[in-house]
S.K.: 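Pasting a structure below so you can have a look.
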Amino acid sequence: MEPILLFVMVIGLLFLGVPVAVSLGLSSVLLIALFSNDSMSSVAIQLFTASQNYTLLAIPFFVLASAFMSTGGVAKRIIRFAIAAVGHFRGGLAMASVLACMLFAALSGSSPATVVAIGTIAIAGMRQVGYTKEFAAGIIANAGTLGILIPPSIVMVVYAAATDVSVGRLFLAGVIPGIVAGLMLMVAIYIAARWKNLPAEPWRGVSELLEGGKQSGWGLFLIVIIIGGIYGGVFTPTEAAAVAAVYSFLVALFVYRDMGPMKGVHWVADTDSRAARVGFSATVYALAFFFVWMILSFFLTADWEGVTLAGRSQLGGLLAILAGLAYATWRGGGVGSIPGALIAGLPVWGRNLSLMGRNSGRAFFNEDTRKVMVDASKTTIMLMFIIVNALLFAHTLTAERIPDAITTVMLDYGFNWFTFLIAVNVLLLIGGQFMEPSGLLLIVAPVIFPIAMELGVDPVHLGIIMVVNMEIGMITPPIGLNLFVTSGITGMSLVQVVRAALPFVAVLFLFLILVTYVPVLSTWLPYGLMGPELVTR
């Protein structure tokens with residue numbers, strides 16, 4: 001009786017327009033207070049326990065990192081690199097938009113943020129070269145969903161918190177499926193491009209590819225910091241999120257200078273001589289090489305014996321000096337020009353260091369930073385309020401032994417892992433049309449996780465299946481969040497966006513079937529590097 005009352009109260013409140021978080025929390029409290037043998041003190045204990053969850057601490061940091069990367073102009077640099085890489089194929093600009101979404105997804109962990117950051121620039125660019133607005137909007141709406149599949153992913157953190165599955169394994173598990181999904185979308189675009197005779201961008205040469213990579217390098221290096229740091233054993237996923245937030249702040253305000261008190265001030269002025277530009281660039285490349293070397297060598301040699309900081313620094317410093325001298329020789333016109341170029345570059349360094357010193361304090365308190373912090377705080381509060389109430393709902397389900405009862409019924413009816421995954425996909429696809437991914441996942445995961453373990457479904461594989469279902473839910477009406485975001489940045493009606501996205505949703509459906517019944521896509525990489533996930537039944 002109690003399970004029926006619980007679900008009736010939740011569904012009734014949702015249909016009355018009560019927010020998801022309030023519906024979950026209020027239904028749980030009413031059931032415990034009026035019908036359950038559980039003590040009301042368990043409500044306070046559960047809320048306190050949920051708020052103290054160390055894994056969930058990663059969410060506000062990833063949200064903040066995403067906000068700085070979205071605002072800091074990283075997207076336009078990633079798009080330039082993507083166009084240089086695949087733009088010369090038929091339909092290349094659309095394919096470059098998918099590649100840009102994949103790369104930005106590895107920075108943000110958020111699907112709506114990916115749609116806004118990439119879509120705002122890419123849709124306008126596609127329109128200028130002859131793509132229809134509907135085609136461009138459909139691509140971005142679908143490709144943006146990769147924001148929650150390619151690590152880091154906020155939705156994966158939520159699943160890990162609900163099921164006690166390793167966040168690190170989940171992040172690794174999303175790499176291959178994320179690449180496969182992106183490639184499937186690109187193949188679909190190429191076929192459509194051949195059919196519709198869509199344009200191709202001219203091949204701009206290897207130099208443009210290298211220049212695009214250089215321009216976007218500081219942003220893309222965040223991927224190396226997060227993934228390398230976690231799997232190099234340097235820090236936990238939560239600590240990686242904190243590092244990502246600080247790094248994103250420094251890159252956006254001090255390196256790219258697309259926001260804050262130094263906005264629009266370039267490192268090299270038009271009045272600087274060629275020698276000054278060469279000398280400055282040579283020292284920048286040397287310092288960047290040293291920075292990358294120290295981080296990568298630390299990740300790779302963290303467990304090696306006999307490798308010291310001094311040894312890594314000396315070797316890295318020598319290689320960095322050689323790299324800087326090689327660049328100065330190449331660009332300066334010979335070995336003899338190196339001293340003059342390096343001396344001429346010193347005033348450029350002095351000017352920029354002085355500028356950053358004067359504005360270092362203002363960078364923390366300027367209007368751009370304040371807006372990013374406020375927006376990130378709003379998003380974090382919304383997500384955490386949903387998560388805490390959903391965890392209270394999950395506690396109520398467990399206290400009433402609802403998952404055990406459902407497991408018994410399904411086993412009695414002869415369900416196996418194959419038919420069970422069909423039922424899970426149908427349930428999540430329907431639920432994803434009406435609920436926000438984190439809330440839906442926290443409701444469903446505690447119910448189906450014990451059943452999946454009983455039937456032998458891998459916990460990491462189950463997590464990826466749920467995330468892919470959440471992807472599709474974000475582009476299916478009536479509550480598909482990506483549809484609303486795409487409508488907002490294009491000015492199209494919701495119905496137009498739904499029609500535009502529909503052909504590519506079919507690609508994601510095929511991808512869902514592939515992920516569901518080919519578990520090795522999800523499990524090969526994490527288990528190959530970290531070993532199997534151990535779950536106590």
Side-chain angles (χ1 to χ4, degrees), residues 7 10-11 14-15 20 23-24 111-112 115 138 141-149 153-156 158-159 162-163 170 173-174 177-178 180-181 184-185 188 386 390 393 403 406 410 415-449 451-452 455 457-486 494-495 497-519 521-522:
F7 285 107
V10 172
I11 294 172
L14 288 173
F15 273 105
V20 173
S23 300
L24 297 175
S111 181
V115 172
N142 282 268
T145 62
L146 298 173
I148 62 173
L149 178 59
S153 166
I154 293 173
V155 174
M156 288 183 186
V158 172
Y159 174 81
T163 60
L170 283 171
V180 171
M184 288 178 68
L185 286 172
I386 293 173
F393 179 79
I406 296 175
M410 296 187 77
F415 272 74
N416 56 28
W417 71 273
F418 189 92
T419 52
F420 168 72
L421 291 179
I422 294 176
V424 168
N425 283 334
V426 172
L427 174 64
L428 292 173
L429 288 173
I430 294 173
Q433 298 179 34
F434 300 96
M435 292 189 65
E436 191 273 336
S438 298
L440 175 63
L441 192 147
L442 283 167
I443 295 172
V444 176
V447 177
I448 69 172
F449 189 79
I451 306 172
L455 294 173
V457 178
D458 186 89
V460 172
H461 178 215
L462 179 65
I464 298 302
I465 292 172
M466 296 188 74
V467 170
V468 175
N469 276 283
M470 298 302 99
E471 281 191 89
I472 297 175
M474 299 190 80
I475 47 175
T476 50
I479 313 294
L481 186 55
N482 278 17
L483 300 177
F484 288 96
V485 174
T486 306
L494 188 62
V495 174
V497 176
V498 171
R499 289 175 179 169
L502 195 58
F504 297 101
V505 175
V507 177
L508 292 184
F509 270 114
L510 291 175
F511 172 66
L512 173 61
I513 296 171
L514 183 66
V515 165
T516 301
Y517 294 110
V518 186
L521 285 177
S522 307

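Residue numbers run from 1 in the order of the sequence given. Given the structure is predicted, the values throughout are model-derived calculations rather than measurements.
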S.K.: Do P519 and D458 have side chains that approach each other closer than 4.5 Å (heavy atoms only, starting at C-beta)?
M.R.: no

S.K.: Mind checking the CD1-CG spacing from I464 to L170? Nearest 0.5 Å is all I need.
M.R.: 6.0 Å

S.K.: Do M474 and L483 have side chains that get closer than 4.5 Å, going by heavy atoms?
M.R.: no

S.K.: Atom CG in L429, atom CG in L512: separation rounded to 0.5 Å?
M.R.: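 Reported value, rounded in 0.5 Å steps: 6.0 Å.
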
S.K.: For A173 and V460, which heavy atoms make the closest approach, and how far apart are they?
M.R.: CB-CG1, 3.4 Å

S.K.: Could you grab the distance from atom CG of L508 to atom CG of L146, nearest 0.5 Å is fine?
M.R.: 7.5 Å

S.K.: Looking only at heavy atoms, which two atoms of Y517 and F418 are closest? And how far apart?
M.R.: OH-O, 3.1 Å

S.K.: Going through the distances and angles, do T516 and N425 end up as a side chain to side chain contact (heavy atoms under 4.5 Å, CB included)?
M.R.: CA-CA 9 Å; T516 301; N425 283 334; 3.2 Å; yes

S.K.: Indicate the atoms forming the closest heavy-atom contact of S522 with H461, along with that distance.
M.R.: OG-CD2, 3.9 Å

S.K.: How about N416 and F420: do any of their side-chain heavy atoms sit closer than 4.5 Å?
M.R.: no

S.K.: Given side chains that start at C-beta, do those of V467 and Y159 come closer than 4.5 Å, heavy atoms only?
M.R.: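 Counting from C-beta outward, V467 and Y159 never come under 4.5 Å.
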
S.K.: Do the side chain of N142 and the main chain of I475 share a donor and acceptor less than 3.5 angstrom apart?
M.R.: no

S.K.: Please name all residues satisfying side-chain contact (heavy atoms from CB on, under 4.5 Å) with V444, sequence neighbours left out, ordered by chain then number.
M.R.: L427, L428, L440, I448, M466

S.K.: Which heavy atom of P503 sits nearest a heavy atom of A500, and at what distance?
M.R.: CD-O, 3.4 Å

S.K.: Would you indicate whether the side-chain heavy atoms of N469 and I465 approach each other to under 4.5 Å?
M.R.: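 Yes, their side chains come closer than 4.5 Å.
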
S.K.: Could you list the residues that satisfy side-chain hydrogen bond (donor to acceptor under 3.5 Å, both in side chains) with S153, not counting sequence neighbours?
M.R.: none

S.K.: For V468 and E471: C-alpha separation, side-chain torsions, deciding distance, then whether side chain to side chain contact (heavy atoms under 4.5 Å, CB included) applies.
M.R.: CA-CA 5 Å; V468 175; E471 281 191 89; 3.8 Å; yes

S.K.: If you define the side chain from C-beta out and look only at heavy atoms, does anything of F393 sit under 4.5 Å from V10?
M.R.: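 In short, these two side chains touch, coming nearer than 4.5 Å.
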
S.K.: Would F504 and F509 count as a side chain to side chain contact (heavy atoms under 4.5 Å, CB included) if you check the C-alpha gap in whole Å, the side-chain angles of each, and the deciding distance to 0.1 Å?
M.R.: CA-CA 9 Å; F504 297 101; F509 270 114; over 6 Å; no

S.K.: Using side-chain heavy atoms (C-beta onward) and a distance below 4.5 Å, is I154 in contact with I148?
M.R.: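 Contact flag for I154/I148 side chains = no.
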
S.K.: Can you tell me how far CG of L521 sits from CZ of F511, rounded to the nearest 0.5 angstrom?
M.R.: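 Between atom CZ of F511 and atom CG of L521 there are 7.5 Å.
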
S.K.: Between the side chains of S111 and N482, does any donor sit under 3.5 Å from an acceptor?
M.R.: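 Present: a donor and an acceptor within the cut-off.
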
S.K.: Please name the pair of heavy atoms, one in L462 and one in A452, separated by the smallest distance, quoted to 0.1 Å.
M.R.: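 Between these two residues, the closest heavy atoms are CD2-CB, 3.7 Å.
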
